[in-house]
Amino acid sequence: SQTIHQWPATLVQPVGSPLSLECTVEGTSNPNLYWYRQAAGRGLQLLFYSVGIGQISSEVPQNLSASRPQDRQFILSSKKLLLSDSGFYLCAWTAFRQGVTEAFFGQGTRLTVV
Amino acid sequence: KQEVTQIPAALSVPEGENLVLNCSFTDSAIYNLQWFRQDPGKGLTSLLLIQSSQREQTSGRLNASLDKSSGRSTLYIAASQPGDSATYLCAVKNNAGNMLTFGGGTRLMVKP
């Protein structure tokens, strides 16, 4: 079966510090991978998606970047965090199986920038 | 640009009631629509997925319908239980592009 791992679950970082959040998927190959952010009281906003190794598309300009060094690994990074980067970050993947494309999400990382 | 709206934003009902959550979208050229559940501080759990060619999907006490022409979907929860308390999100995948567009969610509380 397919599973998605996302860590850490919670993170408190000072302004100006770097960030690295990691997401890995098991049990599938060549998935589409996504990073979403959920700010308090707001909906999910797509930040980045990737259709393959080294292929990253950014949906919104921001202080963050993403990388996909391996087929099933997706990393969200920042060189210098801002207060506005605080939020709940979710990794997701989609798979096309039996004629259906379905999305699955990780458990999320709660990032607080202080 | 696809926009997804969920009404109501919050809902509180006594245990045992049947309830309907609403989701509307502006662009009817969708590939599929997915309903998710999110518990506080947790990730999203997929509940039901409806392909654009389908009109409804059922799983246990949950039934999701889709009216693509009018840009609407509903999630029906029968005989609600306190364990159903969570935020319910609908998301639409368009025919073009790889992304899901989410609604703002409905925060449901079922009181014992």
Side-chain angles (χ1 to χ4, degrees), chain A residues 1-11 21 23 25 30-52 55-60 74 87-112, chain B residues 1-10 21-26 29-54 56-57 59 64 66 73 86-107:
Chain A
S1 62
Q2 296 82 16
T3 57
I4 182 168
H5 300 283
Q6 189 179 337
W7 68 92
T10 59
L11 191 59
L21 302 181
C23 171
V25 180
N30 196 31
N32 287 351
L33 297 172
Y34 306 81
W35 278 110
Y36 285 85
R37 177 168 59 201
Q38 188 177 35
R42 299 175 63 181
L44 275 78
Q45 179 186 38
L46 179 65
L47 302 176
F48 301 95
Y49 71 90
S50 172
V51 299
Q55 300 178 63
I56 309 295
S57 296
S58 174
E59 288 296 311
V60 293
F74 204 23
F88 192 53
Y89 289 83
L90 288 155
C91 179
W93 67 281
T94 58
F96 182 75
R97 296 177 298 180
Q98 298 178 338
V100 175
T101 297
E102 188 169 1
F104 300 92
F105 282 78
Q107 286 301 298
T109 296
R110 172 74 58 193
L111 172 66
T112 304
Chain B
K1 178 185 174 185
Q2 179 72 270
E3 293 182 2
V4 182
T5 304
Q6 288 186 249
I7 295 173
L21 307 181
N22 297 292
C23 173
S24 61
F25 46 94
T26 55
I30 67 169
Y31 179 79
N32 63 33
L33 184 145
Q34 213 167 338
W35 281 94
F36 294 89
R37 169 185 173 139
Q38 185 178 29
D39 291 290
K42 302 294 185 181
L44 277 64
T45 300
S46 180
L47 297 174
L48 289 165
L49 181 147
I50 310 178
Q51 291 290 89
S52 62
S53 58
Q54 298 173 324
E56 66 175 351
Q57 284 285 334
S59 176
L66 174 64
S73 175
T87 296
Y88 291 81
L89 295 154
C90 75
V92 169
K93 184 182 185 309
N94 276 47
N95 287 328
N98 288 292
M99 62 183 286
L100 287 175
T101 303
F102 281 85
T106 293
R107 191 171 64 256

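Just the heavy atoms: all of them, side chains too, but no hydrogens, waters or symmetry mates, feed the values below.
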TODO: Please examine the side chains of Leu90(A) and Gln38(B), heavy atoms only from C-beta on, and report whether any two atoms are closer than 4.5 Å.
DONE: yes
- [ ] Working to the nearest 0.5 Å, report the span between CG of Leu100(B) and CG of Leu44(A).
- [x] 9.5 Å
Task: Point-to-point distance, once rounded to the nearest 0.5 Å, from OG1 of Thr101(A) to CD of Gln34(B) - done: 9.5 Å
- [ ] Name all residues meeting the ring pair (Phe, Tyr, Trp, His ring centres under 6.0 Å) criterion together with Tyr36(A); count only those two or more places apart in sequence or in a different chain, and write none if there are none.
- [x] Phe105(A), Phe102(B)
TODO: Return the set of residues passing ring pair (Phe, Tyr, Trp, His ring centres under 6.0 Å) with Phe25(B) (not counting sequence neighbours), or none when no residue passes.
DONE: none
TODO: Would you name the heavy atoms of Lys42(B) and Phe88(A) that are closest together and state the gap between them?
DONE: O-CE2, 3.2 Å
Open item on the list: Can you tell me which of Leu44(B), Asn32(B), Thr101(B), Asp39(B) forms the most heavy-atom pairs within a distance under 4.5 Å of chain A?
Closed with: Leu44(B)
Open item on the list: I'd like to know which of Gly43(B), Ser46(B), Ala91(B) tops the heavy-atom pair count under 4.5 Å against chain A.
Closed with: Gly43(B)
Open item on the list: Around atom CZ of Arg107(B), are there more than 12 heavy atoms from other residues, nucleotides or ligands closer than 6.0 Å?
Closed with: no
Task: Per-residue contact mode, Thr109(A) against chain B (heavy atom under 4.5 angstrom) - done: neither
Open item on the list: Less than 4.5 Å to any heavy atom of chain B: does that hold for the side chain of Gln45(A), its backbone, both, or neither?
Closed with: neither
Task: Under 3.5 Å: donor-acceptor pair, side chain of Glu102(A), backbone of Leu49(B) - done: no
